[in-house]
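All of these numbers come straight from a predicted model, not from anything done at the bench.
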Amino acid sequence: MNATEETLAAAEQPAGEDGTAPQHGYTGNKDAYLRRLKRIEGQVRGIARMVDEDKYCIDILTQVAAVTKALHAVSLGLVEEHIGHCVVGAASEPDPDARAEAIDAKVKEAADAIGRLLR
């Protein structure tokens, strides 16, 4: 398992008690995220084609910058969804001790994710 797969596996939430998939903050916007990611995927294939066709380096860099900006937009949306759903959800924990611990864990997850985005 590579580092990305390990990170994804660590971030997975257990299934609900009824065996259903867990509800994530982005679930309501999942289709929009998938459309954006497919569009980005197409842009990346276009960049590969540009390299294959020996296009001008500045033109390629311009497209790389566009993809980077698009991925950042997706990332920021996911961070916002995490804070609005997961952190707020942790704040609704009825047990005060568990609530404080859950909030701290979710805020740390968000801070760590933001840190990775800024590297």
Side-chain angles (χ1 to χ4, degrees):
M1 190 180 298
N2 66 33
T4 301
E5 290 170 333
E6 288 173 6
T7 301
L8 290 173
E12 287 179 356
Q13 301 290 326
E17 289 180 22
D18 59 358
T20 61
Q23 193 78 8
H24 298 292
Y26 64 84
T27 300
N29 298 315
K30 183 177 179 177
D31 290 338
Y33 280 113
L34 288 171
R35 280 191 305 275
R36 290 175 85 181
L37 290 168
K38 286 179 195 253
R39 193 169 32 235
I40 292 166
E41 181 181 18
Q43 288 177 287
V44 172
R45 281 194 303 271
I47 292 169
R49 190 170 42 255
M50 290 175 76
V51 170
D52 185 52
E53 295 171 357
D54 294 318
K55 298 293 183 184
Y56 185 55
C57 52
I58 297 302
D59 293 339
I60 295 169
L61 289 170
T62 299
Q63 293 306 310
V64 168
V67 167
T68 301
K69 184 174 179 180
L71 282 172
H72 281 147
V74 169
S75 299
L76 289 174
L78 289 169
V79 167
E80 185 176 333
E81 302 273 10
H82 175 74
I83 292 169
H85 180 267
C86 300
V87 175
V88 170
S92 67
E93 169 66 44
D95 176 26
D97 292 331
R99 179 174 47 241
E101 188 176 322
I103 291 170
D104 287 346
K106 294 300 178 183
V107 168
K108 181 167 180 8
E109 284 178 349
D112 290 348
I114 293 166
R116 287 189 300 273
L117 291 172
L118 295 176
R119 283 188 220 146

Closer than 4.0 angstrom, basic N to acidic O: yes or no for Lys108 and Asp112? yes

Separation of Met50 CE from Gln63 CD (nearest 0.5 Å): 5.5 Å

What's the separation between atom CG in Leu117 and atom CG in Leu78, rounded to the nearest 0.5 Å? 9.0 Å

Kindly work out whether a path of hydrophobic side-chain contacts (I/L/V/M/F/W/Y, heavy atoms less than 4.5 Å apart) joins Tyr26 to Val74. yes

Basic-acidic side-chain contact under 4.0 Å: Glu41, Lys38: no

Verdict with supporting geometry, Lys106 and His82, side chain to side chain contact (heavy atoms under 4.5 Å, CB included): CA-CA 8 Å; Lys106 294 300 178 183; His82 175 74; 4.0 Å; yes

Decide whether Val44 and Leu71 are clustered together by the hydrophobic rule: side chain heavy atoms of Ile, Leu, Val, Met, Phe, Trp, Tyr closer than 4.5 Å, transitively. yes

Has Glu93 got more than 12 heavy atoms of other residues, nucleotides or ligands less than 6.0 Å from its CD? yes

So do the side chains of Val107 and Asp104 get within less than 4.5 Å of each other, counting heavy atoms only? no

First locate atom CD1 of Ile40, then atom OH of Tyr33, and finally report the distance between them rounded to the nearest 0.5 Å. 11.0 Å

Leu118 and Ile83: same hydrophobic cluster, using ILVMFWY side-chain contacts below 4.5 Å? yes

So, taking the atom named NE2 in His72 and the one named OG1 in Thr68, what distance separates them when rounded to the nearest 0.5 Å? 6.5 Å

For residues Leu61 and Tyr56: do they belong to one hydrophobic cluster (side chain heavy atoms under 4.5 Å, members Ile, Leu, Val, Met, Phe, Trp, Tyr)? yes

Please round to the nearest 0.5 Å and tell me the distance separating atom OG of Ser92 and atom CD1 of Ile103. 8.5 Å

Linking I/L/V/M/F/W/Y whenever their side-chain heavy atoms sit closer than 4.5 Å, directly or via other members, would Val51 and Val64 fall into one cluster? yes

Distance (rounded to the nearest 0.5 Å) between Lys69 NZ and Gln43 CD: 11.5 Å

